[in-house]
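In what follows, a structure is listed as structure tokens, so that the remarks can point back to it.
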Amino acid sequence: MFTVILKKLRREANLTQKQLSEILDLTPAAIGLYEQGRRKPDFETLEKLADFFNVSIDFLLRGTASAKYSRKEVPEVTRIYFPHGELILNRRNKLLTAKQKKALAKAIESIMDML
């Protein structure tokens with residue numbers, strides 16, 4: 001059940017496995033193995049996934065309806081494109097990964113150079 005739900009949520013957010021892995025600071029292989037059912041995530045990873053997709057861990061594991069999940073609450077993903085890369089955030093993502101911080105700093109630097 002987890003494999004199907006994870007893949008469905010990722011696709012609804014219009015993200016590739018690589019993009020999701022970068023957002024959550026995981027490897028693309030880990031996401032692929034989770035979706036294939038060949039590997040199970042640890043609790044910390046389940047928390048990251050649940051927070052990112054705005055669902056409960058119970059929903060991720062069992063597909064059980066929760067007060068935290070409804071079809072309209074799938075995260076709105078914001079993509080910011082700039083010369084040095086792409087920054088992907090969802091409305092609940094409060095922390096940036098080290099890679100995202102670096103990309104954002106480069107984008108700000110580029111904007112400042114243009115002014």
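Predicted model only: the values in this text are computed from it and were never measured.
Taking hydrophobic clusters as Ile, Leu, Val, Met, Phe, Trp and Tyr residues chained together by side-chain heavy-atom distances below 4.5 Å, Met1 shares a cluster with Ile31.
For the pair Leu9/Phe52, no side-chain contact is recorded, criterion being any heavy-atom separation below 4.5 Å from C-beta on. No side-chain heavy atom of Thr27 sits less than 4.5 Å from a side-chain heavy atom of Ser21. With contacts defined as side-chain heavy-atom distances shorter than 4.5 Å, the pair Val55/Ile5 does not qualify. Residues Leu49 and Phe2 meet the side-chain proximity criterion, which asks for heavy atoms closer than 4.5 Å. With contacts defined as side-chain heavy-atom distances shorter than 4.5 Å, the pair Gln19/Arg10 does not qualify.
Shortest non-hydrogen contact noted between Leu46 and Pro41 is CD2-CG, 3.6 Å.
Between the CG atom of Leu20 and the NZ atom of Lys18 there is a distance of 13.0 Å, given to the nearest 0.5 Å. Atom CG of Leu33 and atom CD of Gln17 lie 9.0 Å apart (nearest 0.5 Å). The CG atom of Leu24 sits 12.5 Å away from the CD atom of Glu47 when rounded to the nearest 0.5 Å. The distance from atom CZ of Arg39 to atom OG1 of Thr3, rounded to the nearest 0.5 Å, is 15.0 Å. With values rounded to the nearest 0.5 angstrom, Phe53 atom CZ is found 12.5 Å from Lys8 atom NZ. Here Lys7 contributes atom NZ and Gln36 contributes atom CD; the two are 8.0 Å apart, rounded to the nearest 0.5 Å.
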